[in-house]
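Structure, as structure tokens:
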Amino acid sequence: MESRYDINEVEARIEKLWEDSGLFDPDVCIEKGITDPHAEPFCVVLPPPNVTGTLHMGHAAMLAIEDIMVRYARMQGKRTLWIPGTDHAAIATQSKVEKDILKKEGKNRHDLGREEFLKRVRAFAQESHDTIVRQTKRMGASLDWSREAYTLDKQREVAVRTAFKKMYDMGLIYCGNRVVNWDPKGQTTISDDEIVYEERKAKLITFRYDKNFPIAISTTRVETKFGDTAVAVHPNDPRYEEFVGREYDADFCGTKIHVKIISDEAVEKDFGTGALGVTPAHSIIDWEMAQRHDLPLKQIIDEHGKMTIKNELVFGKKAAEAREIVTEELRKRGLIEKEEEISQNVATAERTRGIIEPLPKLQWFIEVNRKFKVENGRLKGQEKTLKELMKSAVADDNVKILPERFERIYFNWIDNLRDWCISRQIWFGHQIPVWTKGEELYVGIEAPQGEGWIQDPDTLDTWFSSGLWPFSTLGWPHSAPDGASRGKPGPENDLANYFPNSVLETGYDIIFFWVARMILMSTCLMGEIPFRKVYLHGLVRDDKGRKMSKSLGNIIDPLTMADKYGADATRLSLIIGAAPGNDVKLSEDRVRGYRNFSTKLWNIARFIEMNKPAASSVSPVDSVALAEARVRASSETHEKYLTDIAALKQEISGHLDNFEFHLAADKLYHYVWHEFADVIIETEKEKLKSGTDEEKAESYAVLEQLLLDSLKMLHPFVPFITEEIYHIFRPGKMLMVEKW
RNA sequence: GCGUCCUUAGCUCAGUGGUAGAGCGCUUCAUUCACAUUGAAGAGGUCAUAGGUUCGAUCCCUAUAGGACGCACCA
């Protein structure tokens with residue numbers, strides 16, 4: 001063995017060795033007789049990284065954790081499949097490319113036109129994809145690349161369109177004119193989950209529409225009051241009881257408005273004056289109130305955030321500017337009763353950070369409170385709403401979320417869930433499979449026959465296609481989920497063999513975006529849960545606990561770490577000390593520390609190899625036989641070594657079964673360094689130096705066995721170095737498919 | 001407002017109902033020895049605070065303080 005462990009040479013060579021072996025593909029394992037086709041299946045689908053650039057430490061952590069589960073399952077003899085893929089990430093990718101083009105060429109997407117722009121986005125996505133694939137392999141992830149998927153490829157497009165059509169036919173997808181979250185910066189609608197609240201100071205103004213109006217109201221957005229069609233008070237508020245039901249005409253800064261006084265539970269008595277001006281067109285809450293009280297809707301702001309109300313003071317002005325003008329006008333008219341500074345949470349778009357302008361728009365929605373009949377699977381025939389299905393999937397313990405505390409968070413989210421707006425006014429993504437011709441509307445997988453059909457120009461929320469991921473990657477809708485194909489090899493039988501997935505592993509930050517949506521799609525379309533377990537990992541932060549970001553300059557790049565200290569060390573640094581669901585603070589020192597572990601392991605192997613007795617170096621088969629014979633005849637100390645490591649194996653298996661990877665890795669680390677190296681080898685050193693030939697051979701045999709056992713247990717965590725050392729002691733064998 | 005998590009060695013964090021652990025850092029010593037990307041020894045902790053349960057609490061319960069976060073509201 002080389003005296004120095006050459007990380008980069010070994011990791012590159014082993015990566016290629018695995019890839020050439022084809023053993024990441026379960027069908028190859030079956031063909032070669034390594035895996036029993038009727039063995040228990042174990043399937044994980046990789047959360048597809050966005051094609052917006054490169055992998056970061058969060059991805060590396062995800063890959064490490066999943067690879068541990070997958071390699072462990074494979075070594076246990078399970079029929080193991082881990083499917084790779086990437087996500088087109090519609091809005092994220094589009095806005096990234098838009099930004100780049102604007103910076104480099106000073107053009108926006110409309111200057112280029114839809115086709116040319118999409119060409120550019122696709123080129124960028126392809127480049128990102130290639131980088132991501134390279135990086136993923138570099139981390140040692142044992143993914144079956146022959147089954148690689150992309151959320152925007154042809155096969156997934158069929159899945160998306162099929163899902164859309166089915167849900168439309170079930171009455172779960174509808175097109176409705178509703179007040180939606182409009183992002184004026186990104187020029188698109190977004191869903192409730194894509195909103196990020198930012199705390200800001202605002203001026204709360206208490207005023208009357210005009211001198212004759214009986215009730216004063218409070219608002220931070222006086223410019224929207226042109227659109228008011230009601231004033232709402234709480235039903236139990238004695239101050240306003242007498243007014244409820246009356247209607248008034250008022251002159252608001254020169255514009256005639258008609259206002260009805262209503263009572264509604266949504267009003268808080270203690271806020272402001274306890275009376276609220278209802279602006280149905282520019283507030284989701286107000287819009288809901290308007291629905292309840294049958295109020296008219298008056299739009300006064302457009303998609304660009306400009307005032308459309310025909311009032312000479314503000315027409316054509318930006319909302320913020322109009323706010324100042326209206327405030328000034330109210331002052332002039334002596335209508336303001338109070339002005340106070342308050343802090344409020346402003347809704348902004350997650351991607352663009354533009355301030356959300358609620359607007360009434362015609363959009364596509366998924367209705368979450370409508371009862372429908374499930375058509376397939378285990379849940380066939382049940383009449384439930386999507387909300388109920390999502391809830392019972394977890395409440396009935398069919399889907400187990402780890403750590404458990406996230407189940408409460410999940411339920412809490414479902415309770416507050418509104419209809420999901422799925423249409424986006426961006427270009428990159430799955431175009432909505434709806435075509436119109438005059439009054440006619442067609443929903444289908446393929447464009448309708450005949451002239452004059454126009455496809456809806458909008459695209460779908462990226463999470464719509466991600467929601468199908470657990471089964472769209474397994475061949476749905478082309479292959480059947482059940483029937484005779486179970487147990488048979490080949491990707492065409494994947495759905496029968498690997499659905500539901502065994503585990504879904506992802507970050508806790510996308511439990512709503514993604515985990516919930518997959519449960520929704522799967523229970524609805526498949527009539528079955530998408531996966532049995534959800535394992536949520538924490539976020540990787542810098543050593544001060546801050547998010548890693550370009551602007552802070554605190555990014556630790558997983559590939560740089562892998563090149564410097566090895567993918568093995570990088571993986572270990574992300575596993576040890578990382579309790580499930582807890583954030584990990586990472587520093588380069590940590591990675592370096594685990595690189596030292598690789599060196600230690602290498603030297604342990606080197607020491608053992610150097611002490612190999614000449615007699616047993618004849619052939620590997622003989623050496624195995626010899627080792628076993630020696631071990632059987634071993635001394636008490638030697639027996640203790642072997643029972644100890646057997647006990648350790650029990651412990652490690654237990655931890656792995658319980659998803660306690662951090663405990664398993666920590667114990668192995670401790671055993672190898674502080675027990676095996678520091679105690680056992682130090683003890684045996686003497687015998688190997690001055691013992692009889694017999695003693696030497698026995699000592700060697702025991703050490704070799706301990707080493708091989710350690711390598712096996714370590715393999716899921718540090719696959720490269722363990723594979724390399726294993727080959728030195730067992731030429732021709734592949735550790736990744738050895739039996740656990 | 002509702003809820004969750006965190007508070008353990010100088011730093012970053014694991015962990016456990018019964019003499020406290022890791023990495024990095026620090027001190028001293030060792031080195032023709034598998035490994036200086038090392039070994040040995042060591043310093044350093046009333047496990048946030050106050051109550052309670054218990055034979056026994058860092059761990060379970062309650063409250064308090066500080067920090068992080070999620071959800072709802074935010075007129």
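Note that this is a predicted model, so its numbers are computed, not measured. In what follows, chains are A, B, ... by sequence order, proteins preceding strands, each numbered from 1.
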* Asked: Which residue pairs satisfy the ring-ring contact (aromatic ring centres under 6.0 Å, His included) criterion with at least one member in residues 568-612 of chain A, sequence neighbours excluded?
  -> A:Y5-A:W602, A:Y594-A:Y669, A:F597-A:Y669
* Any idea which of B:A72, B:C35, B:G23 is nearest the A:Y669 side chain? -> B:G23
* To do: Under 4.0 Å between any heavy atoms, over every strand shown, what does A:Y197 touch: base, sugar-phosphate, or nothing? Just pick one.
  => base
* Value in whole Å for how far the P atom of B:C26 lies from CG of A:D589 -> 10 Å
* To do: Please report, rounded to the nearest Å, how far the P atom of B:U38 is from the CG atom of A:L601.
  => 14 Å
* Could I get the full list of ring pair (Phe, Tyr, Trp, His ring centres under 6.0 Å) partners for A:Y410, not counting sequence neighbours? => none
* Asked: Between B:A34, B:A22, B:C73, which one does the side chain of A:E268 approach most closely?
  -> B:C73
* Structure fact -> Protein-proximity profile, nucleotides 3-8 of chain B, B/S/- by nucleotide at the 4.0 Å heavy-atom cutoff, equals SSS---
* Structure fact -> Partner of B:G44 under the Watson-Crick or G-U wobble criteria, both distances under 3.5 Å, comes out as none
* **Nearest-angstrom distance from the residue atom CH2 of A:W413 to P of B:A72** => 10 Å
* Asked: Using atom C1' of each nucleotide, how far apart are B:U4 and B:G17 to the nearest Å?
  -> 25 Å
* Structure fact -> Using Watson-Crick geometry (N1-N3 plus N6-O4 or O6-N4) or G-U wobble (N1-O2, O6-N3), each under 3.5 Å, B:G39 is paired with B:C29
* Structure fact -> Those residues at least two apart in sequence (or on a different chain) that pass side-chain contact (heavy atoms from CB on, under 4.5 Å) with A:A393 are A:V399, A:I519, A:T523, A:I529
* If you measure from the C1' atom in B:C61 to the same atom in B:G21, how many Å do you get, rounded? -> 26 Å
* Taking CZ from A:R592 and P from B:C11, how many angstroms apart are they, rounded to a whole number? -> 20 Å
* Does anything in residues 592-605 of chain A pair up under salt bridge (Lys or Arg N to Asp or Glu O under 4.0 Å), and if so which pairs, sequence neighbours excluded? -> A:D589-A:R592
* Are A:R606 and A:E2 ion-paired here, with the side-chain N under 4.0 Å from a carboxylate O? -> no
* Asked: Any chance CD of A:Q650 has more than 12 other-residue heavy atoms, nucleotides or ligands included, within less than 6.0 Å?
  -> no
* Looking for any heavy atom pair under 4.0 Å, which part of the strands does A:S218 touch: base, sugar-phosphate only, or nothing? -> sugar-phosphate
* **Interatomic distance where CG belongs to A:D509 and C1' belongs to B:C71 [whole Å]** => 16 Å
* Which value, in whole Å, describes the distance between the P atoms of nucleotides B:U58 and B:G18? -> 11 Å
* Rounding to the closest angstrom, what is the interatomic distance between B:U28 and B:G44 at atom P? -> 16 Å
* Classify the nucleic acid contact of A:K689 as base, sugar-phosphate or nothing, counting any heavy atom under 4.0 Å across all strands shown. => nothing
* Asked: Within the structure shown, what part of the strands sits under 4.0 Å from A:V584 by heavy-atom distance: base, sugar-phosphate, or nothing?
  -> nothing
* Under 4.0 Å between any heavy atoms, over every strand shown, what does A:T220 touch: base, sugar-phosphate, or nothing? Just pick one. => sugar-phosphate
* Asked: What is the distance from CD of A:E684 to C1' of B:C33, rounded to the nearest Å?
  -> 17 Å
* Asked: Starting at the 5' end of RNA chain B and moving along, which residue's nearest nucleotide shows up first, A:A579 or A:N596?
  -> A:A579
* Can you tell me the distance, in whole Å, between the CD1 atom of A:I576 and the C1' atom of B:G21? => 13 Å
* **Exam field: side chain A:T229 to backbone A:V259, donor-acceptor pair closer than 3.5 Å** => no
* Give a yes or no answer on whether the side chain of A:T273 reaches the backbone of A:A216 with a donor-acceptor pair at less than 3.5 Å. => yes
* Asked: To the nearest Å, how far apart are A:E609 CD and B:C35 P?
  -> 14 Å
* Structure fact -> A:K685 has its side chain closest, among B:C33, B:G23, B:C74, to B:C33
* Determine, step by step, whether A:F252 and A:F213 satisfy the side chain to side chain contact (heavy atoms under 4.5 Å, CB included) criterion, reporting the C-alpha distance in whole Å, the side-chain angles of both residues, the deciding distance to 0.1 Å, and the verdict. => CA-CA 10 Å; A:F252 180 66; A:F213 198 78; over 6 Å; no
* **Contacts of A:D666 that satisfy salt bridge (charged side-chain N to carboxylate O under 4.0 Å, His left out) - sequence neighbours left out** => none
* If you measure from the P atom in B:A57 to the same atom in B:G70, how many Å do you get, rounded? -> 37 Å
* A:H293: side-chain hydrogen bond (donor to acceptor under 3.5 Å, both in side chains) partners, not counting sequence neighbours -> A:D264
* Asked: Does A:R517 count as lying over the ring of A:W420, i.e. NZ or CZ under 6.0 Å from the six-ring centre, within 45 degrees of the axis?
  -> yes
* Structure fact -> salt bridge (Lys or Arg N to Asp or Glu O under 4.0 Å) pairs touching residues 560-578 of chain A, sequence neighbours excluded, are A:D67-A:R571, A:R138-A:D563, A:K564-A:E588
* Asked: With no hydrogens and no angle check, do the side chains of A:H234 and A:E268 hold a donor and an acceptor under 3.5 Å apart?
  -> no
* To do: For B:U19 versus B:G56, give the span between their C1' atoms, rounded off to a whole number of Å.
  => 13 Å
* Could you check whether A:R541 gets within reach of a base, just the sugar-phosphate, or nothing at all, counting any heavy atom under 4.0 Å? => nothing
* **NZ/NE/NH1/NH2 to OD/OE distance under 4.0 Å, A:E337 and A:R208** => yes
* **Candidate nucleotides B:U37, B:A34, B:C71, ranked by approach to the side chain of A:I604 - the nearest** => B:A34
* **G-U wobble or Watson-Crick pairing nucleotide for B:G66 (cut-off 3.5 Å, both distances)** => B:C6
* **Pairwise C1' distance for B:A65 and B:U37, with rounding to whole Å** => 44 Å
* To do: Using heavy atoms to find the nearest nucleotide of RNA chain B for A:Y594 and A:I681 separately, return the residue whose nucleotide is more 5′.
  => A:Y594
* Asked: Are the charged groups of A:E341 and A:K201 less than 4.0 angstrom apart, N to O?
  -> no
* Describe the nucleic acid contact of A:N412 in one word from base, sugar-phosphate, nothing, applying a heavy-atom distance below 4.0 Å. => sugar-phosphate
* Structure fact -> As its Watson-Crick or G-U partner within any shown strand, both distances under 3.5 Å, B:A34 has none
* To do: Under 4.0 Å from any atom of RNA chain B, heavy atoms only: list the residues of residues 283-294 of chain A that qualify, in numerical order.
  => A:I285
* Asked: Under 4.0 angstrom, heavy atoms only, what part of the nucleic acid is A:A677 near: base, sugar-phosphate, or nothing?
  -> base
Could I get a table of every N or O pair under 3.5 Å where one atom is in the protein and the other is in nucleotides 39-43 of chain B?
residue: B:G39; atom: OP1; partner: A:K600; partner atom: NZ; Å: 3.3
residue: B:G39; atom: OP1; partner: A:W673; partner atom: NE1; Å: 2.3

* **Where at least one partner belongs to residues 677-691 of chain A, residue pairs that pass salt bridge (Lys or Arg N to Asp or Glu O under 4.0 Å), sequence neighbours excluded** => A:E682-A:K685, A:E684-A:K687
* **A:M610, nearest nucleotide to its side chain (from B:C73, B:A34, B:C74)** => B:A34
* Asked: When the P atoms of B:C59 and B:A48 are considered, how many whole Å apart are they?
  -> 8 Å
* For RNA chain B, which residues in residues 656-663 of chain A have a heavy atom at a distance below 4.0 Å? -> A:H662, A:L663
